[in-house]
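Quick notes on the structure that follows.
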Number of protein chains: 2
Amino acid sequence: MTADTPVPSDGPLVAELSEDALLARIFPLLPVGADTHVPPGDDAAVVAAPDGRFVVTTDVLVEDRHFRRAWSSGEDVGRRAAVQNLADVAAMGARPTSLVVSLVMPGDLPVSWVEGLARGLAAECGPLGVGVVGGDLSGGPVVVVAVTAHGDLAGRAPVLRSGARPGDLVAHAGVVGRSAAGLALLEAGRADLDRALVDAHLRPVAPLAAGPLAAAAGATAMLDVSDGLLRDAGRIARASGVRIDLDAAALAADRERLGVVAGELGGVAERWVLDGGEDHGLLATFPADSPLPVPFRVVGRVGEGSGVSVDGVPAPARSGWDHFAG
Amino acid sequence: MTADTPVPSDGPLVAELSEDALLARIFPLLPVGADTHVPPGDDAAVVAAPDGRFVVTTDVLVEDRHFRRAWSSGEDVGRRAAVQNLADVAAMGARPTSLVVSLVMPGDLPVSWVEGLARGLAAECGPLGVGVVGGDLSGGPVVVVAVTAHGDLAGRAPVLRSGARPGDLVAHAGVVGRSAAGLALLEAGRADLDRALVDAHLRPVAPLAAGPLAAAAGATAMLDVSDGLLRDAGRIARASGVRIDLDAAALAADRERLGVVAGELGGVAERWVLDGGEDHGLLATFPADSPLPVPFRVVGRVGEGSGVSVDGVPAPARSGWDHFAG
């Protein structure tokens with residue numbers, strides 16, 4: 001147990017329950033889902049794929065890498081694990097249908113934390129009709145939450161990263177920089193300064209409905225902004241063989257939102273806006289004459305060339321996040 | 001690094017490569033799959049679900065819980081992670097189509113180990129036309145391999161655990177007790193005594209094709225034997241509201257196969273046959289007049305009542321494996 005692990009709440013620890021007893025506590029908390037033919041409890045679940053295809057993505061959260069138990073409740077981690085996977089489904093233009101969860105946990109984890117995790121998954125999935133259709137539990141030295149999410153394209157072509165064309169508009173739905181600013185607040189011990197930004201880090205809110213809307217509106221490329229606006233714009237630019245020019249003025253309100261906190265912490269609001277990850281907004285390109293679906297707003301233009309620029313000034317290339325460095 | 005971790009092989013460690021560089025080494029090793037519409041590299045993959053449904057299951061392997069690096073190569077772990085998930089798909093009567101992998105690993109893991117893991121996944125998936133269609137990488141204190149596998153039912157109803165009826169035959173495909181005997185050999189430091197049994201533990205071979213064949217032949221219930229014959233038979237008995245009576249004589253060859261090793265180690269061959277897990281054979285029930293598909297063989301009968309018996313003698317109820325006890 002690390003120094004900043006909170007004092008366990010009352011109630012049993014994971015090691016004090018059998019796996020069956022633990023499952024009996026978790027199962028009733030999880031939503032079945034509108035597309036679930038065979039729910040959990042057999043060797044596998046069966047889920048509808050109405051158009052004869054399914055979208056699938058997987059993302060893992062590891063304690064002390066992606067979250068700290070001192071800062072994140074089980075419910076926070078459940079919400080974040082769901083949202084980051086559902087956002088990847090939405091970024092293909094698909095409606096999420098189901099997810100499965102593999103959960104590794106130390107024996108001294110309070111059962112209430114695991115119940116919180118299940119509630120967090122349910123809070124994100126339930127209202128969307130997404131089922132939590134399977135899972136596996138294991139002991140291990142730290143909490144690991146590996147989620148796989150699935151979605152339905154409703155007969156549409158998936159929106160890839162590779163379809164952006166010169167002349168397209170670049171549009172964004174969701175927030176930028178808030179998760180990074182929230183993390184900076186937590187690291188500085190100043191969570192009190194702007195609780196909404198801290199919450200944006202602990203429980204990001206992704207514009208999931210905007211994914212299928214963008215696909216229906218003719219989006220030519222799209223991705224989930226998980227590693228920062230510049231990095232992820234660079235991925236569309238690379239996959240599509242185009243240049244993406246962002247409009248600094250279009251991001252002025254985002255910078256302004258973070259200005260007070262940046263001033264207090266000695267941070268730079270513009271860096272959070274351009275490089276902050278894990279907000280899970282959607283970045284998409286649309287033909288110039290497309291009406292943009294709500295809540296997309298224009299943040300730039302696609303041009304000939306390569307790389308990403310801001311107001312025409314090339315931004316240095318960002319590599320992907322590096323989970324092993326340092 | 002624990003005392004029994006092998007000396008790292010030559011070559012770089014995971015921490016010495018960027019995530020992009022590591023992915024560039026792994027990707028080319030993985031099979032695309034016959035049912036893959038959109039391969040890895042975007043926010044999500046797209047996979048065919050020909051009959052408008054897909055089967056989905058997830059299972060996680062954790063270092064020092066499910067395997068030790070001193071005993072298992074990366075390729076062994078990749079094979080086992082694939083097989084245990086593909087067996088769950090087959091146990092529904094489905095043909096596996098795709099899997100995704102979340103991989104957590106310590107920075108001091110040799111890159112060659114990860115390449116081995118990818119080769120192991122590919123060795124099991126490639127020949128079946130199963131694609132490895134997505135993944136996520138993270139650092140962490142131990143290796144964690146979380147696999148989610150998908151399959152296609154080809155229009156058939158899934159074979160659940162709940163369909164066994166009194167009068168049905170109980171049949172098994174695959175081996176029993178060999179993984180447990182192999183583990184006992186490793187724990188005793190006597191791997192030399194019967195390398196085939198050790199291999200049965202490190203790289204179980206599941207009768208994957210037998211799953212869809214059983215479904216087509218009218219199997220009334222089926223599951224993957226991952227926690228031992230008695231435990232898993234008990235699951236069918238419970239879900240179906242029947243009694244399962246196993247025929248000890250039908251398992252004589254299995255006991256005999258383990259006799260020498262049991263004698264040397266002071267083990268009990270019958271316990272391995274009845275309680276040994278992780279062989280990933282298929283246990284199914286069929287109407288008494290069904291011709292059994294190869295390689296199923298009759299190992300018992302379904303009767304009225306509840307629980308599991310051997311030659312009519314009730315076996316004490318087994319609980320599920322407990323991953324948190326001890």
Side-chain angles (χ1 to χ4, degrees), chain A residues 14-15 17-20 22 37-38 42-60 62 65-66 88-89 91-92 94 98 100-102 104 107 133-142 144 146 148 150-151 153 158 160-161 223-224 319-325, chain B residues 14-15 17-20 22 37-38 42-50 52-60 62 65-66 88-89 91-92 94 98 100-102 104 107 133-142 144 146 148 150-151 153 158 160-161 222-224 319-325:
Chain A
V14 156
L17 263 66
S18 72
E19 185 167 350
D20 284 348
L22 193 55
H37 287 306
V38 175
D42 219 289
D43 288 63
V46 182
V47 177
D51 76 356
R53 301 167 300 168
F54 63 93
V55 165
V56 55
T57 181
T58 192
D59 255 323
V60 64
V62 179
R65 295 266 167 171
H66 301 100
D88 279 328
V89 169
M92 301 299 281
S98 64
V100 297
V101 189
S102 274
V104 178
V133 300
D136 192 22
L137 302 179
S138 173
V142 294
V144 176
T148 301
H150 309 93
L153 288 161
L160 307 181
R161 298 174 177 185
L223 51 54
D224 159 47
S319 65
W321 279 128
D322 209 322
H323 297 295
F324 306 103
Chain B
V14 158
L17 263 64
S18 73
E19 185 167 349
D20 284 350
L22 193 56
H37 287 306
V38 175
D42 219 289
D43 288 63
V46 182
V47 177
R53 302 167 299 168
F54 62 93
V55 165
V56 55
T57 181
T58 193
D59 255 323
V60 63
V62 179
R65 295 268 167 168
H66 302 100
D88 280 327
V89 169
M92 302 299 282
S98 64
V100 297
V101 189
S102 275
V104 177
V133 300
D136 191 22
L137 302 178
S138 173
V142 294
V144 176
T148 300
H150 309 93
L153 288 161
L160 306 182
R161 298 173 177 185
M222 183 155 55
L223 51 53
D224 158 48
S319 64
W321 278 128
D322 210 323
H323 296 296
F324 306 102

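Convention: sequence-line order gives letters A, B, ...; per-chain numbering from 1. Since we're looking at a predicted model, the values are computed, not measured.
Note on A/V55, A/V56, A/V100, A/V62: by heavy-atom pairs under 4.5 Å with chain B, the leading option is A/V56. When B/H37, B/R53, B/M92, B/R161 are compared by the number of non-hydrogen pairs under 4.5 Å with chain A, B/R161 comes out ahead. Comparing A/V38, A/L153, A/V133, A/L223 by heavy-atom pairs within less than 4.5 Å of chain B, the highest count is held by A/L223. Between chain A and the residues B/G151, B/G134, B/A45, the largest count of heavy-atom pairs under 4.5 Å involves B/A45. When each of A/A49, A/A91, A/A48 is scored by its heavy-atom pairs under 4.5 Å with chain B, the top score falls to A/A49. Contact count versus chain A (heavy atoms, under 4.5 Å) is highest, among B/P141, B/S102, B/A146, for B/S102. Counting heavy-atom pairs under 4.5 Å between each of A/D43, A/T57, A/V89 and chain B puts A/D43 at the top.
We find the CG-CG distance between A/D136 and B/D88 to be 9.0 Å, quoted to the nearest 0.5 Å.
At a 4.5 Å heavy-atom cutoff, the contact between A/P50 and chain B is made by backbone atoms alone. With a 4.5 Å cut-off on non-hydrogen atoms, A/V60 touches chain B through its backbone and its side chain both. The part of A/V144 that comes within reach of chain B is its side chain, from C-beta onward, which places non-hydrogen atoms under 4.5 angstrom from that chain. When heavy atoms are compared at a cutoff of 4.5 Å, B/V47 approaches chain A by way of both its backbone and its side chain.
Using modelled atom types, no side-chain atom of A/D42 and backbone atom of A/A44 make a donor-acceptor pair closer than 3.5 Å.
Using cut-offs of 30° and 60° on the angle between ring planes, the pair A/F54 and B/H150 is tilted.
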